[in-house]
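Written below as structure tokens is the structure these notes are about.
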Protein chains: 2
Amino acid sequence: MSTATVSRALSSPERVSDGTRARVSEAVRVTGYTLNQTARSLRQRSARTILVALPDIRNPFFSSILDAIEREVTARGYGMLVANLYFGHQATRLQDYLLSNRADGLLLLDGSLNADDLRVITSAPYSVPLVVACEDIPNSGFHTVVTDNVQAAERATRHLIELGHRRIGHIFGPEQNVVARDRLAGFNRAMNREGLPIAPEWVFRGSFEMDSGFAASARYMTLADRPTAVFAANDESAIGFLSGLRRHGILCPRDISVIGFDDLGVAPHYSPPLSTMRQPRETLGKMAAEALIDLIEGRQGNGTPLRIVLQSELIARESTGRPAELASA
Amino acid sequence: MSTATVSRALSSPERVSDGTRARVSEAVRVTGYTLNQTARSLRQRSARTILVALPDIRNPFFSSILDAIEREVTARGYGMLVANLYFGHQATRLQDYLLSNRADGLLLLDGSLNADDLRVITSAPYSVPLVVACEDIPNSGFHTVVTDNVQAAERATRHLIELGHRRIGHIFGPEQNVVARDRLAGFNRAMNREGLPIAPEWVFRGSFEMDSGFAASARYMTLADRPTAVFAANDESAIGFLSGLRRHGILCPRDISVIGFDDLGVAPHYSPPLSTMRQPRETLGKMAAEALIDLIEGRQGNGTPLRIVLQSELIARESTGRPAELASA
DNA sequence: GTGAAAGCGCTAACAT
DNA sequence: ATGTTAGCGCTTTCAC
């Protein structure tokens, strides 16, 4: 029996006779043969592996998306290489993975990379399949799966307004981050639509990290005139903020309402249980992985860039309530 | 110029003349040549990639270890494939990665796999390098990097005892989990050494998840005779427990002291800031990755299984205090 | 339905 | 210091 026949029996069993197929499986069983994926990759010019690049694995938001991606990718017989980007702007490192044929496509969860650098690898002659997820790269024309952060932030802010708040602040994320900017834009839009003023000193700078929320609380305390509610760009900064306020005797929701974003695992168990916007993380990860593999396998190749925009859901818990001056009403 | 020369210029530049080296780098620059890692892997029988297998990427404890691993691995020029194990016991899936030459070694963060299944791939003829980290596989003889959970759990429990508590409970982790068992053992040891009784109804079953801590709080409330302090197997269950108690008006640390384990990011910002044991996660991940790569590259091949045991650190915050009956003293 | 043979892109052994 | 050659293990024509 030739190696060609074995190869056929293994990868397209319908092309060999029943007898051959049986003899091959038996031989595989007895010898413990495992196909050398490296040789196959070389021959087929496909690694059956994708590369996922993200800004921070430790961030629970990303890690749960990574989980969804891993499930989908595994189900379709692919492996998942993971690269952390730390300080962003490392398109060259990704290039190395992709152009060296170690991965067949890139799933990028970081909007901070330069679109032109990326286009080097996505366009001819390399034509590496790319799907951008979570963090949009605006006007890049890349295939994209995101949630509508502007809309969701507007919804979160409107939640505070509907409760009767008029004096509302925001904890901003990293200045250069698309997601943070979108959430600020949504905040602004909600305020504008209701004709509410936006006080610049009520927009606290932040970094999506707990410490930055904590720092915001210190600045909050120095204000002569304070907002009665705050929309934080994510749950981490909301938690850091609340933690800081508590040390100054400011209680939520009695003295202030706070809404976050992401619905971290701890949100329902925080004190108070945190109101937040929940993104469909599993769906997002799954759809992004599906899209990338479709692209790799030549389906979904109709040219027009894919753009999937998912919606987030308001989860109202106990960290938001009516403002103190209306509480008795 | 032959392909061999180019290969040499790229992988061992000292073996070619200055002129050749310069011409090669120039040509590389001009043509945008990238070495085909797949072909190199096939030829050298090494993928320069490791496989990390873990029970749950979403768990922030694992994801921060993953982060440390990724840094080390990247620094040494390797890639990192990640596989989630969900329900454990999937040694065959890992086999497939390793025996097919997609990965040169396995970094296993899950103690629930069967040692004999693993030995199939670690012993001849395959001899796949393996390092077990975080969760020990007892008596397996595998190279191992862990923290001393018995000792750390004993320290946590002693912290409660030193504060004056005598009636102390425990929230257990998953029954089959080595880490959970070690932490229970450490709890028992501390209690025994102080001659304190362990009430079976004060050892709550758990799963390391917040919900299980929450469920434990419901059982706590039904007790006629309640402990004044609880050592929870991890921060998640501590947080779920506190969250449940709060709904029943039991306040921490006034009415009960609780200490967790892991020092999650939220621990210092929880209400109250959570006392906990901090494991050296970065060190653990880094050392495990180092050990695995040394093994792959043939260093550290002296035969005796490596066993690194790191210590954890008590972080006393505000969730632990003196018991109510001593508080005025 | 099966076999023979070429070749994916690289590196290592050998020769010069 | 460089070139020649063989071959890693697989898949894929092409022949039969």
Side-chain angles (χ1 to χ4, degrees), chain A residues 1-28 30-49 77-79 95-105 121 125-128 296-298, chain B residues 1-28 30-49 77-79 95-105 121 125-128 296-298:
Chain A
M1 188 178 325
S2 74
T3 60
T5 304
V6 176
S7 173
R8 279 188 284 253
L10 263 32
S11 38
S12 37
E14 71 285 358
R15 302 189 27 160
V16 300
S17 71
D18 291 0
T20 307
R21 200 179 317 124
R23 283 194 298 143
V24 168
S25 348
E26 176 58 11
V28 165
V30 171
T31 60
Y33 168 86
T34 312
L35 187 144
N36 185 320
Q37 181 62 42
T38 306
R40 171 185 254 188
S41 296
L42 176 60
R43 179 64 229 240
Q44 301 196 336
R45 336 182 99 59
S46 118
R48 289 192 80 74
T49 296
Y78 282 69
Q95 264 188 51
D96 180 57
Y97 273 107
L98 294 158
L99 306 187
S100 70
N101 280 300
R102 285 143 70 112
D104 304 326
I121 58 173
Y126 305 119
S127 309
V128 171
I296 290 171
E297 297 185 345
Chain B
M1 188 176 329
S2 74
T3 60
T5 304
V6 175
S7 173
R8 279 189 286 254
L10 262 32
S11 36
S12 36
E14 72 285 358
R15 301 191 24 160
V16 300
S17 72
D18 291 359
T20 306
R21 201 179 316 126
R23 282 193 301 142
V24 169
S25 349
E26 177 58 11
V28 165
V30 171
T31 61
Y33 167 86
T34 313
L35 187 142
N36 184 319
Q37 181 63 41
T38 306
R40 172 186 253 187
S41 296
L42 177 60
R43 178 66 230 235
Q44 301 195 331
R45 344 182 90 61
S46 118
R48 288 192 80 75
T49 296
Y78 281 70
Q95 263 187 51
D96 181 57
Y97 272 107
L98 293 158
L99 306 187
S100 70
N101 280 300
R102 283 142 71 111
D104 303 326
I121 58 173
Y126 305 119
S127 310
V128 170
I296 290 171
E297 297 185 345

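Labels below follow one simple rule: chain letters A, B, ... track the order of the sequence lines, proteins then strands, and each chain is numbered from 1. The figures that follow rest on heavy atoms only: side chains count, while hydrogens, waters and symmetry mates do not.
- Between the CG atom of A/N36 and the P atom of C/dG9 there is a distance of 17 Å, rounded to whole Å.
- At C/dT2, none of the side-chain N or O atoms of A/S2 fall inside 4.0 Å of OP1 or OP2 (strictly under the cut-off).
- Shown here for A/I121 and A/Y126, the closest heavy-atom pair between the two residues is O-CB, 3.5 Å.
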List the steps, then state whether side-chain contact (heavy atoms from CB on, under 4.5 Å) holds for A/L10 with A/V28.
-> CA-CA 10 Å; A/L10 263 32; A/V28 165; 4.2 Å; yes

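- Between B/S11 and B/R40, some side-chain heavy-atom pair lies under the 4.5 Å cut-off.
- With hydrogens and angles left out, the side-chain atoms of A/S41 and A/T38 include no donor and acceptor closer than 3.5 Å.
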Name the pairs: protein N/O against N/O of nucleotides 11-15 of chain C, kept only if under 3.5 Å.
| residue | atom | partner | partner atom | Å |
| --- | --- | --- | --- | --- |
| C/dT11 | OP1 | B/R40 | NE | 2.7 |
| C/dT11 | OP1 | B/R40 | NH2 | 3.2 |
| C/dT11 | OP2 | B/S7 | OG | 2.4 |
| C/dT11 | O5' | B/S7 | OG | 3.4 |
| C/dT11 | O2 | B/R43 | NH1 | 2.4 |
| C/dA12 | OP1 | B/Q44 | NE2 | 3.3 |
| C/dA12 | O4' | B/R43 | NH2 | 3.2 |

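- The main-chain N or O of B/T3 is never found under 3.5 Å from a side-chain atom of B/S7 such that the two would form a donor-acceptor pair.
- Nearest-nucleotide positions on DNA chain D place B/N101 closer to the 5' end than the other of A/T5 and B/N101.
- Rounded to 10 degrees, the angle separating the terminal axes of the helix from C/dG1-D/dC16 to C/dT16-D/dA1 is 30°, with each axis obtained from five end pairs.
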Take B/V24 and B/M1 through the test side-chain contact (heavy atoms from CB on, under 4.5 Å) and record every step on the way to the result.
-> CA-CA 9 Å; B/V24 169; B/M1 188 176 329; 3.5 Å; yes

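- Remark: side-chain polar atoms of B/R102 are not paired, donor with acceptor, to backbone N or O of B/A47 under 3.5 angstrom.
- Between the side chain of B/R8 and the main chain of B/R15, no donor-acceptor pair closer than 3.5 Å is present.
- Considering every non-hydrogen atom in both A/Y78 and A/D104, the closest pair reads CE2-OD2, 3.9 Å.
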Passes side-chain contact (heavy atoms from CB on, under 4.5 Å), A/Q37 versus A/T49? Steps please.
-> CA-CA 11 Å; A/Q37 181 62 42; A/T49 296; over 6 Å; no

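- Nucleic acid contact for B/T20: sugar-phosphate only, since backbone atoms but no base atoms lie under 4.0 Å from a heavy atom of the residue.
- Bounding nucleotides for the chain B contact on DNA chain D, 5' to 3', at a heavy-atom distance below 4.0 Å, are D/dA1 to D/dG9.
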